[in-house]
Amino acid sequence: MTRYVYDFIDGHRGMADLLGGKGANLAEMTRLALPVPPGFTVSTDACRAYLADGAVPPGLFDEVNAHLREIEVRLDRRLGDRAEPLLLAVRSGGRYSMPGMMETILDIGLNDATVTGLARLSGDERFAWDSYRRLIQMFGRTVHGVPAEEFDRELDALHATAGPDGPTAEQLRGLVETYKKVFADRVGHDFPQAPHEQLYLAIRAVFESWNAHRAVLYRRREHIPDDLGTAVNVMAMVFGNLGPDSGTGVAFTRDPATGTPGVYGDYLPDAQGEDVVAGGRNTMGLAELARTDPTSYRRLTEIMGTLERHYRDLCDVEFTVERGRLWMLQTRVGKRTPAAAFVIAAQLAEEGLISWDEALTRVSGAQLAQLMFPTFDTDATPEPLATGVGASPGAAVGRVVFDNAAATAADPPVILVRRETNPDDLPGMIAAAGILTARGGKTSHAAVVARGMGRTCVCGAEALEIDPERGEFTVGDRVVRAGDVISIDGTTGRVYLGEVPVRPSPVTRYLAGELAPESDRLVTAVDRLLRHADTVRHLGVRANADTPHDATRARALGAGGVGLCRTEHMFLGERRALVERLILADGPAEVAAALADLLPLQRADFVAILRAMDGLPVTVRLLDPPLHEFLPALPDLAARVARAEALGQAPGHDGVLLAAVRRLQESNPMLGLRGVRLGLTVPGLFAMQVRAIAEAAAQRVAEGGDPRPEIMVPLVVDVRELAAVRAEVDAVLAEVPGAPPIPVGTMVETPRAALTAGPIARQAEFFSLGTNDLTQTTWAFSRDDGEGSFLGDYLDRGIVDTSPFETLDPDGVGRLIRLAVSEGRAARPELAVGVCGEHGGDPDSVEFFADAGLDYVSCSPYRVPIARLAAGRAAVAQAGVSDSR
Ligand code: ADP
Ligand code: MG
Ligand code: MG
């Protein structure tokens, strides 16, 4: 027969799957001979069996009774005994802690008879009746769903009439009678008097609380599986509510907010655990316990030291003092803020409790990301004006502008406010401190670009009615004009009127070189852990950088090169006119002339970037986006032409442009004329870019530099495309004297490229996985449309766990990647493989890439430290240091 029940002395902390976290740690404390009241744990197996069959597994309560007898013998008290009653706590506790989500019932075993025994034993009649009324309330709520207010109302009424010393025993006895009536009225039968029946019903109620609505929601949010079930801990009660020399509290071995060493916690004299949670009375610091009961305080700090050394991590505890005697009721490795996680990990390593490798496993890239954003001073935030989607974290304050011209002309900082953004808005987005849109979600253009640039962004604030012509937006009847100051919070999505004070992140100031590593505890910890990550990681980290400015910043943040230098922005701004000429060119001569004018500009761009990244690789991607992106939008042009015609004027240049835009118009540009297809269709375009790169490299060599450009061909689906481009590229390279050897590689960003990676690798010296497009084309989800519409719904319904655009999908896209790596390297063993999609800076994805054996990831500059940390963690995980969660 399956065994379902384990005495605390029979378990240990490695048994959390079976005993739940609370049960396993109670067992561990019992093994450490710490003062834990005797008890046992009903396993998660029993819960799963109960939930599957809808009935308690056969024999369970016999087993419970056998273990109960052991407690009775040890304490020399009996459940239900009139003279010397044993009282029990029945407590839920699954594998992962779900604070406040599930149920605990205290004082099981009280009834009309045992309450008198308890009064005599404790010498405190008020305490006995108060405990009884607590049981009826907790039992009513947990087992039968009676709302707590139904009881609280009666309790409040009694307190209102009671004297200065609180209710008398007689009054509390009356309250118990009232509670029993409330119970019977709501439940339909009397409060059960048989203590064993109370116990059995309580155990079942805890099983059922696993599927309570709030518990299910909590698990979904925290990605905790639904099929684990909870254990039930049954243990002897100890009483913190037996007068001034009793009390209850919670404590941490270090400050969980900042990581500062030193015991830290709350204490409530003369109280039982639920009083702390209910919060009716103000708790006091542990200093209160130190003052009133120094012996218990000293014992508590000793025990916490023992626990921290034993668990080698921050622990939190729940404890109760019963008439000067300390009891431990719970411990676990405690939750903490991201700042505390770094500080504690580094300190434990300094103290020699853990290795630096292990310290790395205690912090995450996601936590580092959070530490890098500035925040609003939470004490100073007013009511939000509107709330949208927090699309790119951070806190930005600035004057409202509605277009590029205003964004670049106004004194910074400005917030660019648009209904939605498109590539035309790029200059404004670059100039702005933050971006606010009324439409779109986390994968809208604004969100993706803002995250890439590290700009704060709130999207889809639908309450905003934006009228750029009048230079204002409204929210209800509030009007906000161009030039007014607003504040946006890219983490919460909140938009505030006026200036909310911003606190800069010390971590970012350190990373930018403004703060010395030793300037504060947190920064020191981040510095130590990042440096350790660099010593252990195998995965290189490069940055996606299109400008010398970005490249310089990325280098300062620890990037080992540029993994993606996009060339499209080099065709924007003033150069757009040149691109227009190229697009509108009539015949090869005009094309050649337009390209000849672009060449020196491109060359200068590359010289600057190669200078910023001297000695490090710079992977330049040949032009990728469809050409119509460089022309005005069709509706705007059409409107201009129509207006001109209505006025009887010739549409002139606009008419020519409109015809070109109509000609280039595609119903699905993402799958249209772009990438390598563009290079093969527009003669001379790629050749011009390649020449610019090679000449720039030659110039840098002449200047005494060490340029290391690499040329990357986008959107290849067939090796013959690449072969055709290479013929042209190699010919140009051969013509430029003085350039170093320049590797030519390709992006792998379509399923077909991944599936035919072997042949493609024969033409490519390196692969760069473009995981944005690879995700779009593998899922057949358009990134621009997905999250704004159905992806949110998919997330809510659990069809997907995370957006595949944020965290790489290991099962589908990841499989293609593994295939591309293995077949590519089979064809060309020295093939270098990197990643340049958004995923390159996502910590979970970085761990996947490390496992897949990639050479490097490339991400936006400010994500470089996050990727460095994640790569370090991945190396430690691969080497096999266990992560004790
Ligand atoms: P949660 O998981 O929500 O913290 P617990 O099972 O830890 O719930 O119980 C809540 C509180 O009940 C504890 O913090 C403690 O104060 C009190 N409690 C639990 N077990 C006992 C016990 N054996 N004796 C006295 N109080 C207890
Ligand atoms: Mg607890
Ligand atoms: Mg792409």
Side-chain angles (χ1 to χ4, degrees), residues 8 16 19-27 29-30 34-42 68 71 74-75 77 79 85-110 118 122 127 130-131 134-135 137-139 141-142 148 199 202-203 205-207 209-210 212 214-215 218 224 230-242 246-252 265-281 283 289 300 315-323 325-335:
F8 288 165
L19 304 181
K22 197 182 290 170
N25 289 324
L26 281 165
M29 285 199 291
T30 304
L34 301 181
V36 177
F40 56 85
T41 303
V42 180
L68 177 59
I71 304 180
R74 272 186 58 190
L75 298 182
R77 296 204 181 169
L79 188 66
L86 171 70
L87 301 194
L88 296 171
V90 175
R91 313 168 63 190
S92 61
R95 171 73 179 81
Y96 301 109
S97 122
M98 296 167 49
M101 284 302 127
M102 294 175 30
E103 305 296 352
T104 291
I105 306 178
L106 305 179
D107 302 314
I108 293 275
L110 279 174
L118 182 66
S122 62
F127 154 75
D130 187 56
S131 299
R134 286 169 189 265
L135 170 64
Q137 173 161 3
M138 270 192 259
F139 192 94
R141 190 174 55 78
T142 306
L199 173 62
I203 291 173
V206 171
F207 286 161
S209 71
W210 178 257
R214 57 183 178 173
Y218 182 88
I224 298 173
T230 180
V232 187
N233 302 291
V234 178
M235 64 196 295
M237 281 296 296
V238 290
F239 300 100
N241 47 342
L242 270 173
S246 302
T248 189
V250 297
F252 299 83
D266 291 321
Y267 183 67
L268 194 56
D270 194 12
Q272 204 169 299
E274 80 264 28
D275 300 329
V276 178
V277 185
R281 290 163 51 191
T283 56
L289 178 64
L300 177 68
C315 294
D316 64 36
V317 301
E318 294 176 3
F319 65 92
T320 282
V321 178
E322 179 181 318
R323 292 194 168 145
R325 182 146 179 218
L326 175 69
W327 293 98
M328 302 306 292
L329 297 180
Q330 183 172 323
T331 190
R332 70 186 155 198
V333 168
K335 302 208 160 136

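Counting convention: from 1, in listed order, for ligands and their atoms alike.
A perpendicular orientation is assigned to the rings of F239 and F127, their planes being inclined by more than 60° (bins at 30° and 60°).
At least one N or O atom of V238, backbone or side chain, sits closer than 3.5 Å to an N or O atom of ligand 1. Checked by distance only, ligand 1 and S92 stay at 3.5 Å or farther apart across all their nitrogen or oxygen atoms. In terms of polar-atom proximity, T320 is not counted as a contact of ligand 1, lacking any N or O under 3.5 Å from an N or O of the ligand. At a 3.5 angstrom cut-off on N or O pairs, E318 counts as close to ligand 1.
Look at K22 and you'll find a heavy atom under 4.0 Å from some atom of ligand 1. Look at M237 and you'll find a heavy atom under 4.0 Å from some atom of ligand 1.
Surrounding CZ of R323 are more than 12 heavy atoms belonging to other residues, nucleotides or ligands, all under 6.0 Å away.
Residue contacts with ligand 1 for Q330 involve side-chain atoms from C-beta outward but no N, CA, C or O (heavy atoms, distance under 4.0 Å). Only the side chain of L106 comes within 4.0 Å of ligand 1, counting heavy atoms alone; its backbone N, CA, C and O stay farther away. Of all the heavy atoms of S97, none lies under 4.0 Å from any atom of ligand 1, so neither backbone nor side chain is involved.
With rounding to the nearest 0.5 Å, the separation of CE in M235 from CD1 in I108 is 14.0 Å. In this structure, the separation between CG on L329 and OG1 on T104 is 10.5 Å, given to the nearest 0.5 Å.
Annotation for ligand 1: atoms under 4.0 Å from non-hydrogen atoms of T104 are 5 (P), 6 (O), 8 (O), 9 (O). Applying the 4.0 Å criterion to heavy atoms of A236 picks out, from ligand 1, the atoms 22 (C), 23 (N). For ligand 1, the atoms closer than 4.0 angstrom to any heavy atom of A89 are 20 (N), 21 (C), 22 (C), 23 (N). Distances below 4.0 Å separate heavy atoms of T248 from the following atoms of ligand 1: 16 (O).
For A27, there are no side-chain contact (heavy atoms from CB on, under 4.5 Å) partners two or more places apart in sequence or in a different chain. For A236, the side-chain contact (heavy atoms from CB on, under 4.5 Å) test picks out P37, P38, I71, L75, L86, with sequence neighbours left out. Remark: D130 pairs with R133, R134 by the salt bridge (charged side-chain N to carboxylate O under 4.0 Å, His left out) rule, at least two apart or across chains.
Around the Mg ion (ligand 2), protein atoms of type N, O or S found under 2.8 Å number 3.
N233 has its side chain out of reach of Q330: every pair of non-hydrogen atoms, C-beta onward, lies at least 4.5 Å apart. Side-chain contact between S131 and M237: absent, with no pair of heavy atoms (C-beta onward) separated by less than 4.5 Å. Using a 4.5 Å heavy-atom cutoff, the side chains of V321 and L300 are not in contact. Within the 4.5 Å cutoff, the side chain of L87 has no heavy atoms near those of the L135 side chain.
Here the rule is side chain to side chain contact (heavy atoms under 4.5 Å, CB included) with E103, and of V90, T142, T230 only T142 fits it.
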